[in-house]
Every structure is written in C-alpha cells, then in structure tokens.
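Heads up: numbering here begins at 1 and tracks the sequence. Every number for a ligand or one of its atoms is a count from 1 in the order of the listing. Heavy-atom basis, side chains included; hydrogens, waters and symmetry copies ignored.
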Amino acid sequence: MSELKAALDRLASTRRLLVALDFDGVLAPIVDVPSAARPLPEAAAALSDLAALPKTTVALVSGRGLTDLATVSGFGTPIRLVGSHGAEFDDGATAMDDEARVRLERLVAEVTALVGHEAGVRLEHKPTGIAVHVRGADDAVAQRVLDAVGAGPAAAEGVVATPGKAVLDLAVVEVSKGAAIDQLRDQLSADAVLFAGDDVTDETGFARLRDGDVGVKVGDGDTAAAFRVPDPAAVADLLKHLVSARASA
Ligand SMILES: [Mg+2]
C-alpha cells in the first residue's frame, strides 16, 4: 500500500483532479441481489468529502443503467454519474441515432424470445441495450443462456457484447468505460485521473490512463492497472487517504 499511497500523494497535488470509480465490487461489496448493493459507509463519506474539495470532481462510472446507479449509490450532484458502461451521462449525452434505435428493438425482441423464459435469468433493459443477468440461474442454465445469446443476438452486426461477472451486456452503440473517462477528462480539463475498478470491463479504463494518472484494480484477475487492492474496504481506505492528502495539498 505504501507505493500506492505515494502515488496518491502525488495525485493529490494535481491542479484539476478527476476521481472516477466503478461502483459494484469497488465502492459496494458484490451481493447476490444487484438492487441490494450499497456503498460502504466509509467509502461514501470519503467520496462526499472529496467532491467538496476545490477543483476535484468525483464520477461513478458503472455498467448499471443511470437510474439504477443513482438509486443504489445514493449519489447525485455534485458527484457525476455515468451509466451503462459510458452510454448514459447524467448531463444527457447519448450516442443513439435512428439506426441504433432499430437495432435496439430487434436486439431486445431476439434476446427476450431466446432466453427470457429461462429460470433465474433476468433481462435488464437499458437505453442503449439489454443486459442478460445469470447470477440467479443454475450453472448449466447460465452457461446455456450465455452461449445462446453469444452465438445469436450478441454476434449481430452493430451489437457490442461486453461480458462481466455473471452478466452479458449488449449495446447497440460502441461504448466503453475508457471512452467515458476520456470524455469526462476533456469536459473537466482534468490534469490527472484516479480510476478504480474490479471487473474485466474496467480494463478499457485502465488502458486509457496516462502518465500521472493512478489506476487501481480491486481484487484478483489480470489487469493493466499499476496498483491493486483486495476489496472495497481497502478502496475506502485509499479514498480517505486521498481526501486528507488533497485537503492539505
Ligand atoms: Mg464492478
């Protein structure tokens, strides 16, 4: 943690700072029922403190739909919210056009007909796509559903498939957390970025980090991030450290 703390101390003295964070598995422990996920109180308090500091913007960048993210996180202005892997910004930015809307209608119809009836499978409708959740399904059903969707609707032209933990996210516009972080960085003219994530989808974020940024992978798994912490409790600790370092910088 000491090298990470040194990196956070350097980050704390940057002029305009963007703190971009995944939600599930980073601020909130992973739970079986996605709607029951809540940020750790220590992490939530540190985020509010960070967001109150001058020239400091906090953004949650999640695979969840924007409304869902606002509900489970409990956050809103001044904390920025970006949902659906970057497809939904809280300021209304969107990448949908007429062709994308037609693709979305077809995608939703195909996925629903193919796996909507499977036990324990939940389909989550999003403004730019649909997510197939299999956390509640038996292993055999989950595998069958992911295979069928992967070989069918997910492989269609103009559909972007993003696998996560027990979920296959399908979007009709090209979006990524990495692109979302770039967009926020430009919007805010941020001089440096802290990004923390736990899932494979967060690697698009780590891949876009630049010199002076700090990337933190939460938990196990391959990563392009320079730093790693074990769990959301450790994320809360690093956020607390950043708050005090930046407050005194
Ligand atoms: Mg996550």
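Legend: protein N/O/S atoms lying under 2.8 Å from the Mg ion (ligand 1), waters omitted, number 3.
A salt bridge links Asp98 and Arg101; the closest N-O separation between the charged side-chain nitrogens and carboxylate oxygens is under 4.0 Å. Contact check on Lys126 versus Asp169 returns a salt bridge, with a Lys/Arg side-chain nitrogen under 4.0 Å from an Asp/Glu carboxylate oxygen.
Of the N and O atoms on the side chains of Asp139 and Gln143, not one donor lies less than 3.5 Å from an acceptor on the other residue. Donor-acceptor pairing under 3.5 Å is lacking for the side chains of Arg228 and Thr223.
For Asp91, the CG atom sits in a packed shell: over 12 heavy atoms of surrounding residues, nucleotides or ligands are nearer than 6.0 Å. Other residues, nucleotides and ligands contribute more than 12 heavy atoms inside 6.0 Å of the CG atom of Asp186.
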